[in-house]
Asker: 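Below is one structure. I have some questions about it.
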Number of protein chains: 2
Amino acid sequence: MKIDPNHLHILSAIIDAGGLSEGASAVNKSQPSVSRTIAMLEARLGARLFEKGRRPLRPTELCLTLAEQGRIIAQASENAGQAAAHYSGGKSGTARIAGTPIFMDGVISNMMASFQGAFPDVTIHQSYGYLPDLAEQLNAGNIDLAICPVRSADVPAGFAFKPILRGRNVIACAPSHPLARMSSVKLTDIASYPWIAPPAGSPLYADLRGALASIGITDFRVSFTGGSLASIMSVMAGSESLTVLPYSVVFMQSHSKLVTALPVKLTHPDRELVFLWREDRPVRPAVQRFRKYLEGEFFGLANHIEQKGRTAVWRG
Amino acid sequence: MKIDPNHLHILSAIIDAGGLSEGASAVNKSQPSVSRTIAMLEARLGARLFEKGRRPLRPTELCLTLAEQGRIIAQASENAGQAAAHYSGGKSGTARIAGTPIFMDGVISNMMASFQGAFPDVTIHQSYGYLPDLAEQLNAGNIDLAICPVRSADVPAGFAFKPILRGRNVIACAPSHPLARMSSVKLTDIASYPWIAPPAGSPLYADLRGALASIGITDFRVSFTGGSLASIMSVMAGSESLTVLPYSVVFMQSHSKLVTALPVKLTHPDRELVFLWREDRPVRPAVQRFRKYLEGEFFGLANHIEQKGRTAVWRG
DNA sequence: CAGTTAATATAACTCTATGATATGAAAATT
DNA sequence: AATTTTCATATCATAGAGTTATATTAACTG
């Protein structure tokens, strides 16, 4: 015997509300509607659900048994509605994000942590890559959102993008570095220290060459290359090496007292940090919410950077 | 967001069956039907449930969440159907039965025990009473079925009844009783022993007087009166008292070695043991099944009684 | 890389179930 | 007995769900 889940739901509503009319309004239906529903159910079951001719409607034992299941159904339906609303509001779901390693580790990871605090039901899958790879992953549908520094003109066709931070590179070193205590840094001072080169293929590597060229340094010694942000930081802390990093990364990591920026004005790279996604694909709510969250974080970050950078870094 | 439980059920069926067409047949619907249902659901939710343009239908994470609830709903619905079928088949539910104490304790209780073994989900409420009280309880709807000895003509109006056993009383005593070893019992022997009188008001009490009168005994000494079957049996076992009991009771209790019937032929009472119920009230399946079960048991019992009684009791 | 196959989507139409309002009937209460 | 409360019934409109037939399209195959 197949019983319509809706009917069971109505049944439980009647029992719980303690009356046919009350039950009807509990499920947003009219009293005649549920009355007929019950009558049909009784006919199909071949058994009474309520004792005949008793005015405070008295449920049969079968009725109570079925109402029990109805309650389960109501709950499940409610849960489903909640889940859908949650999902549509971006409060649950999955966001798959990828970006260049230094930014992901140095900036985004912090923001992901606070996002997770606010939206614990959103699962974030993080991975790394540079522009060509990121574009490919987006095309394959393996990730939802990419974050990387790129020239607007270089954005491949078919992608939507949104700039979130202007590129601003600085020369970074350990706070204990001899140059870090000087109020102004001369180019000749810089030239004598070894350099940590970012991973080959990363935009930062090109930035390093460009930035040094802009201040007249064309010949420099590389003491360490490759590695993640964590290894760069470690090497920097234990040596007198210098490197070029986005100021946003230095800023976010400054609390760790492992890195500081030298007051040297480099020419800014012509790239911007942008969000990239496929414009033809629907954006899942969780991804949308995650992106909006990051945009907000980056907005605040950009202000802080402008403020502090002007006084502490670009004063020269 | 309110979601139709049926849709969730369909969703889970699709997931579990591993395809839209398979899912459709799993819920006894056509493929286009469920296809459209899914399309409508997606429209209402404003989110995809299956990834677009993938042929082995690939469910979205939201879809899986909702399908989970759908599975719960399917299960509940199934349970309800089972419960209804069980109930309609009389395999679950409640049967409220009442009868005269001696019969209930001496005969029915055994049958109830085996019935419970066969139908453990049927709840039996048992109570005691004599005809006037039983009729009242039936009228009030407090019990579903009464069992008591009654003359057909005495059945009150509005009641249906079904005879299940002809009245056959015997003189009962302990197996250790001096008379129990005699192959034929003379009236003068009987006259010298004390009697246990059944509860006043019970049909058996009248039977006792009538039975003894039929064999010429009008003056007898009552050593014990009232009490339940258990107390009568106890008193009988510890004394040389005699009593009158329905042979069915003696027969059913004979395994206990506490009681036996004397080979004395009493005139049978003009009452029969009958089922009584209100003919205007619907009979719940559990009650129906219980009554049918008892009828079967009594049919077998009647045969055994005829057989054994003829050789062991009424041989005189 | 056509061509085939299998699976899903769409179209067109029917019909049942459900919705609402108005109203009748009956139990419970006063 | 009158009144109130509560449930049942009648009638009609309509959305949803069912069907079959057919178009589309992803995946497979040689």
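Just so it is clear, the model here is predicted, and its values are computed rather than measured.
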Asker: Checking contacts here: which listed nucleotide (dA28(C), dC7(D), dG18(D)) is nearest the side-chain heavy atoms of Leu57(A)?
Answerer: dC7(D)

Asker: Classify the side chain of Gln31(A) versus the base of dA8(D) as yes if they form a donor-acceptor pair under 3.5 Å and no if they do not.
Answerer: yes

Asker: Choosing from dA17(D), dC7(D), dT18(C), which nucleotide comes nearest the side chain of Asp4(B)?
Answerer: dA17(D)

Asker: Kindly point out which of dA17(D), dA8(D), dT18(C) is positioned nearest to the side chain of Ser33(B)?
Answerer: dA17(D)

Asker: Take atom CZ of Arg44(A) and atom C1' of dT18(C), then tell me their distance rounded to the nearest Å.
Answerer: 14 Å

Asker: Can you tell me if the side-chain N/O atoms of Ser30(B) get under 4.0 Å from OP1 or OP2 in dG18(D)?
Answerer: no

Asker: If we ignore angles and hydrogens, is there a donor and acceptor under 3.5 Å between the side chains of Arg278(A) and Asn139(A)?
Answerer: yes

Asker: Where is the tightest heavy-atom contact between Ala67(A) and Ile15(A), given as atom of each residue plus distance?
Answerer: CB-CG1, 3.8 Å

Asker: Whether Ser35(A) contacts dC7(D) is assessed here as follows: a side-chain N or O lying under 4.0 Å from the phosphate OP1 or OP2. Is that the case?
Answerer: no

Asker: Would one find a side-chain N or O of His7(B) under 4.0 angstrom from OP1 or OP2 of dA17(D)?
Answerer: yes

Asker: Quick one: Met40(A) CE to dA17(C) C1', roughly how many Å, whole number?
Answerer: 7 Å

Asker: For Asn6(B) and for Pro32(B), locate the closest nucleotide of DNA chain D by heavy-atom distance; then report the residue assigned to the nucleotide nearer the 5' terminus.
Answerer: Asn6(B)

Asker: Compare the minimum distances between each of dA9(C), dA12(C), dA7(C) and the side chain of Leu20(B), then state the nucleotide with the smallest one.
Answerer: dA9(C)

